[in-house]
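Take a look at the structure set out below.
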Amino acid sequence: MDNILQGLNAAQRTAVESPAAVLQVLAPPGSGKTKTLTARVAHLIAHRQLLPWNIIVCTFTVKAANEMKERIKSFVGDELAKQLKLGTFHSVALRYLKHYGQHIGLAKDFGIADTSDSKAILKRIIKKLGMSIEPGQALGRISSRKAKGETDSKPEKGPKSVDQQEFLRLFEEYEATLAASNLLDYDDLLLRCRFLLKSHPQCVSNVQAVLIDEFQDTNNIQYELMGLFAQQHNQITIVGDPDQSIYGFRSAEIKNLTRMKKQWPDTITINLEENYRSSGAILHAAQNIIEQDESRPPKKLQATHTFGLRPVLRKLPSAYAEAEWLVSEIKRMRALCGNSIELNDFAVLLRSAALSRAIETALGNTGIPYRMVGGMRFYDREEIKLVVDYLRVIHQPDNSEAVERVINVPSRMIGEATIKKLREEAQSKGVSFWSLILDISQGRRAAPMKLTEPTSKGLASFVNVILGGRKKVEAWSTEPPSVTGLINLVAQKIGLEAHLRRKHTGDETFEARWSNVEELMAQATEITAPGKLNELVESQGLPQIEGFDQTPESNEDVLSVFLANIALTASAEKKAEEDGEKIQQVTISTIHAAKGLEWPVVFIPACYDGSIPHSRADDHDEERRLLYVGMTRAQALLYLSCPIKNTQREETTISAFLTHPGAGRFFEEHGPSLPSSAVASLCTTLRRDCPTETCISETRKTLESDEDNHWPLNGEEVFADSSRWDSSTATTALPGFGTARNIPTVQASSLHQPQSYSTASATMKPGFTSVKERYDDLMEQAQLRKVDKRAEEQKTSEEAPKGRKRQIEGQGTIASFFAKKQRSSAEPSAPSQPSLKNSRPLQAMSASAANKHTPSAPAARPPLPTHKPRSAPLTRKPQKPVDENDASQDRYVFLSSSPRKGDDEPPVPHDDEGEATAKTGDTTPIFRPASTSHATSMTSVTTTRKTLGVRRSLQGWSARKS
DNA sequence: TCCTCCTAATTTTTT
DNA sequence: ATTAGGAGGA
C-alpha cells in the first residue's frame, strides 16, 4: 500500500497528500489527472483511515468510472475498492433514489426514461397540441432548464412570449406524462436526488469524502449534488481542466471552478504542469490551438518527451480519399516501424459519429478490424430495443410509453387509431394504459369502441405475453433469477425470430440482428451469474443509516438492475478479447467519447469549417477546446486531415482553428517519412523497444510506397490536369534529404512528376477502389509479367483504368519511389533487395535523371496515355506565386525538420538523445487506450466478428450500387 | 382501419 | 443505413 506515491512527481504528490479539506487539482491533458485522483482515494483509505463505503467518487462516463475502479484496485486491492461508492453522477443518484426514494414519495419501481422515450413523449404531445417545435430541440430546452436547476416555481418576469408559453405548456405535459408512467428522465435522477439529500441529510451522514473527476463538466445540479454529498464533513477533492470543458451543450459550467472557491474559501488549488503523454511537437501544436482563445488564462504545460514528429495536416480530394489515405497511412506507419505499432495503437477521432461512414468502409475494404465507440449504440438497435421494451413492460406495466411501443410489434392488428382511442380512454378513466387493456381483455371493462375480432385477439395475446413474463419474475422469489430465461420466454411468445426474419428478408441483416439478440442474452446471463449478482447488490448498496429505512433488495430487483444498467449505459460492450487474446483493432470514436484516453497514433479527419467548429455549435471556444482535446489524445503521431469537398460534394474550408495565423508552422503537410532515427524517437515516446533494422526492412517490403505520396498535397483529385505543372523551375529548391536526421520534406516549390500518374481518369472508380485492391492489382500484374512479358503488357493496358495513379512529392520521395518500384518489379512477392533506408540515394536525383527513369519504370505502372505530355516537368508550380514572406504561405514554407529561427519551439532534435528527454524512470505510463481495459463503455457491436461480415457486405453492396 | 411498400430525410457532442 | 411518413391495397 505504500506504493501509492510511487511514480508521482512533486506536484502530484502534494495533491495526493494534501491535508486540505477542499482541494482543486487543475490538470492539463496527460498530466496524470486520474492517476492523482486515484492515488488520493487510496491515500485517504490507507493513511487517513477513511472507510471506502464512506467515500463517494463521481465521474461523468461509465468508462471513466470503470477505469478508476480498476486503478484503485491496484492500490488498495479488490475488496476495499469494491466498497467505494464510485460511479457516474447519474448512477450514484440512482442508488440513493432506489434506497431512499420512499422518503420523498417516489414509487418504488420507477423506471428511467432514456432519450428516445423522452423524444417519443414530446413528439406525441407536440402533435396533440399542434405545436411546431422539433422534439429534439424541445428536449434540449427542457433538459437545460432542468440542468440549471432553478426551482420549478421560478417566477417568470415580464410578459411571456407566445413561444415561451407554448414551451411551458409542453414542459408541463411532458412532466405529467413522465409521472403517469412512473418514469424519471436523466435530469430527474439528479434533481430528485438533490431534493432527497436536501430534505433528508441523514442519507449522507456517513460520507467522509467526496471526489469528482472532470469537474469542468459539472452542471449546476451536479455541483449542488457534490456539495450535498459532502455536507457532513466538507471534504472535497476535484480534478479538472477548464481547457477540456467540452460539455457546455449539456449545461456544464466552467464557472463552477470559481464558484467552488467562493463557497469554500479555504480551497487549495494545485496545478499539474508536466505532460507525460505526447511528444513535444504535438503538445506545441495543441498549445497553439488552445491559446487562440485569448480570454483564457495562460497556463504552463511542460513537455517531458522529445520533440518527435511534427503533426500532419493533410489535404485530400474527398472524404473517401481521406479515408483511403488514412488507411494507407496506418499501413505505412506499421510497416515502417516494423509492426511495432499495432492496430490497437491507432485511433480515429471524429467530431460527430456520422463522419465514420467513409472510414468504416475503407477499413472494411482493407480488412482492418475496428471498433466504433459511440455512434449507434447497441441498445439503440431496433431488435434490442424491442426486447428491452418488453422487459420494461414486464417490469413496470404502468410504463405506458413502453406498452404503446411494443403492443403492436409484431403486428397484432392493433393500429394507430385503436391505440389512440385506448389511450384517451385510459386517460379519461384515470387508469394506466396497461390496466385498461388488462381489464378489457379479461372482460372486466368494456372497450371504448368495438374491437374487431383479430384486434381483440391480438390484445389478448399481448396481455398474455406480459402476464407470462410477470409470473416468471414473481417465481424468482423461490428460484434463482434468470433474465436470460425471461428474454427467451418473451422471444418465444412473440415469435421474435420469425418476426425479424420476415421483416428483414431481402436485406441480409437478419443474421446480424439475431446475433445481437443472442448477445443481449449473453449479457443477461452474465449479470445473473450468482457471484456477479452478489457483487452487484453489494456495490450498489448503501451503508445502513441507523433509524432510517432503506428499501430492501430482493431477487425481483434483478430485472430492475438490469434495466437500469441499460438505461445508464452501464455494463455492455462486448469484451475486447476473445479466445483469451486481445483483438487488435483500430478504434473509431467521437472526440467526446475519447476524453481521458490516449493512443500512440491519432487521426482527426474532417477538419473543416462546419465540422469542427460544428455548423450548429454556437460556442466556438468550446469547439476549439474540442479540437484541443482530440489533439492531446495523441502520444507520438498526430494526423489532422481535411477533404477539399465534403460528402455533399460542396467545397470546404479548412477549420479556422488550423488556418489561424501562425498555426500552420506547427504542421507538416504530409505523413512523415520514417528514417530509423524517427522510428527510434517514436519508440522512446511510446516507451517501447525499437524494432531492428532487419525487421523494418522486412515489413516495409509489403508497402506500395514508403512515402505519403499517393495523393497530391493540395488536395486535388489524383488525376488532375497536368498542364498545371511547370518545368521551368524544376531544379530549384532541393532540400537536403537523406541525412540521418532529416525527414524529407516538401517545399512550396516541391517536385512533382506528372507523367507518372497517367491513365484513364475517366474510368477510375471514384472513391471506392481500396488501396488494397490497387495493391493486389499491382501484384497480380507483376506476377503475370514474370510469366510472359508480352502478355503482361497487354494485360496492363487493359487494366490501365485500375492502375495506380500517383503523383510524386519531393526529392527524397522520388528517389525512394524509384528504388521501391525497382524492387517490386524485380521480385514482387519475395523482394530480395536490402532495406532501402540505407541504400536510398543521398544525392538528389536530377530532374532529367528522374525523367529518364520514368519511361522504363516498372511494369506495375500502366503505360502512359499518349495524350499526356511525356516530358512533363518535375516541379510543381504553385497555383499562386509563392511569396516566401507571405504569412499565408506559412504552411507551405516550413520544411526542415528542425524548427526555423523565430519559431518558439524549443530546439529539440529529432533524435531521441536530446536533453528534452526528461523521461525519468518514475513515470510508468499507466494510461492505456480503451481497448486494453475491458471496462470500456458501451458501444455498438458492429465490428465484432459476426456482424462485421454483414456490415461489410452491405457496404459493398451500397458501394457497388453507387 | 390496418398493413405493406415505396420515397424522403436525416446526423453534435452524453447520462 | 435507418427510419419516418405517405400512398395504395385488402
Side-chain angles (χ1 to χ4, degrees), chain A residues 58-65 87-94 112-116 118 120 123 134-136 140 143 146-147 184-190 214 217 219 221-222 245-252 349-357 360-361 373-377 380-382 408 410-421 449-452 454-455 458 502-504 506-507 509 512 564-570 589-595 606 610-619 622-623 625-626 629-630 647-648 937-938 942 950-951 954-955 957-958 961:
Chain A
C58 285
T59 63
F60 280 82
T61 62
V62 181
K63 201 193 293 179
T88 62
F89 270 102
H90 291 85
S91 76
V92 173
L94 174 66
I112 299 170
D114 64 21
T115 312
S116 65
S118 299
K123 201 167 173 186
E134 298 265 327
S143 174
K146 285 185 170 185
L184 298 184
D185 70 14
Y186 290 128
D187 299 298
D188 286 336
L189 291 177
L190 305 179
E214 307 278 18
D217 291 331
N219 62 29
I221 294 285
Q222 287 161 334
S245 164
I246 52 176
Y247 284 100
F249 70 92
R250 209 169 68 176
S251 311
L349 305 184
L350 306 165
R351 169 67 247 259
S352 39
L355 293 167
S356 70
R357 177 124 301 131
E360 289 190 57
T361 308
V373 183
M376 180 61 154
R377 285 179 182 71
D380 282 346
R381 312 189 85 91
E382 180 200 337
N408 200 31
S411 171
R412 294 192 182 90
M413 298 299 281
I414 306 170
E416 227 171 288
T418 313
I419 291 176
K420 194 175 169 205
K421 282 233 177 68
M449 72 296 199
K450 47 185 182 313
L451 301 170
T452 64
T455 304
R502 191 164 1 99
K503 199 161 173 202
H504 298 286
D507 63 26
T509 59
N565 265 4
I566 288 176
L568 295 182
T569 105
S589 168
T590 59
I591 299 179
H592 283 89
K595 186 150 85 155
S611 172
I612 203 123
H614 196 274
S615 48
R616 294 170 73 162
D618 34 37
D619 183 353
E622 177 153 317
E623 296 292 303
R625 292 194 293 267
L626 199 51
V629 168
T647 5
Q648 269 88 51
S937 87
M938 174 178 73
T942 48
V950 174
R951 225 185 138 90
L954 284 174
Q955 279 163 349
W957 176 80
S958 88
K961 201 173 141 201

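Since we're looking at a predicted model, the values are computed, not measured. A note on names: the letters A, B, ... follow the listed sequences, proteins ahead of strands, and every chain is numbered from 1.
One N or O on the side chain of Thr455(A) and one on the backbone of Met413(A) form a donor-acceptor pair closer than 3.5 Å. Remark: side-chain polar atoms of Glu360(A) are not paired, donor with acceptor, to backbone N or O of Arg357(A) under 3.5 angstrom.
Lys595(A) comes within 4.0 angstrom of no nucleic acid atom, judged by non-hydrogen atoms across all strands. Base contact: Thr115(A) has a heavy atom under 4.0 Å from a base atom.
What separates CG of Asp185(A) from C1' of dT15(B) is a distance of 10 Å, to the nearest Å. Atom C1' of nucleotide dT14(B) and atom CG of Leu94(A) are separated by 17 Å, given to the nearest angstrom.
Shown here are the side chain to side chain donor-acceptor pair (under 3.5 Å) partners of Glu622(A), two or more places apart in sequence or in another chain: there are none. Partners of Asp185(A) under the salt bridge (charged side-chain N to carboxylate O under 4.0 Å, His left out) rule, at least two apart in sequence or in another chain, are Lys146(A). When the side chain to side chain donor-acceptor pair (under 3.5 Å) test is applied to Ser118(A), the partners found at least two apart in sequence or on another chain are Tyr174(A). Arg250(A) is linked by a side chain to side chain donor-acceptor pair (under 3.5 Å) to nothing, counting only residues two or more places apart in sequence or in another chain.
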Could you write out each protein N or O paired with an N or O of nucleotides 7-10 of chain C at a distance under 3.5 Å?
none

Polar atoms only, N or O, under 3.5 Å: list the protein pairs with nucleotides 1-4 of chain B and their distances.
{"unit_1": "dC2(B)", "atom_1": "OP1", "unit_2": "Gly415(A)", "atom_2": "N", "d": "3.4"}
{"unit_1": "dC2(B)", "atom_1": "OP1", "unit_2": "Thr418(A)", "atom_2": "OG1", "d": "2.1"}
{"unit_1": "dC2(B)", "atom_1": "OP2", "unit_2": "Ala417(A)", "atom_2": "N", "d": "3.3"}
{"unit_1": "dC3(B)", "atom_1": "OP1", "unit_2": "Ser411(A)", "atom_2": "OG", "d": "2.6"}
{"unit_1": "dC3(B)", "atom_1": "OP1", "unit_2": "Met413(A)", "atom_2": "N", "d": "3.1"}

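Here the side chain of Arg357(A) is nearest to one of dT15(B), dA1(C), dT14(B), namely dA1(C).
Between dT15(B) and Ser91(A), no contact under 4.0 Å exists linking OP1 or OP2 to a side-chain N or O.
His614(A) has its side chain out of reach of Phe249(A): every pair of non-hydrogen atoms, C-beta onward, lies at least 4.5 Å apart.
Residues Gly458(A) and Ile414(A) approach most closely at C-CD1, 4.0 Å, considering heavy atoms.
Judged by ring centres under 5.5 Å apart and planes tilted less than 30 degrees, Tyr247(A) fails to stack against the six-membered base ring of dT13(B).
Looking at which nucleotide of DNA chain B each of Thr88(A) and Ala617(A) is closest to, the 5′-most match is held by Ala617(A).
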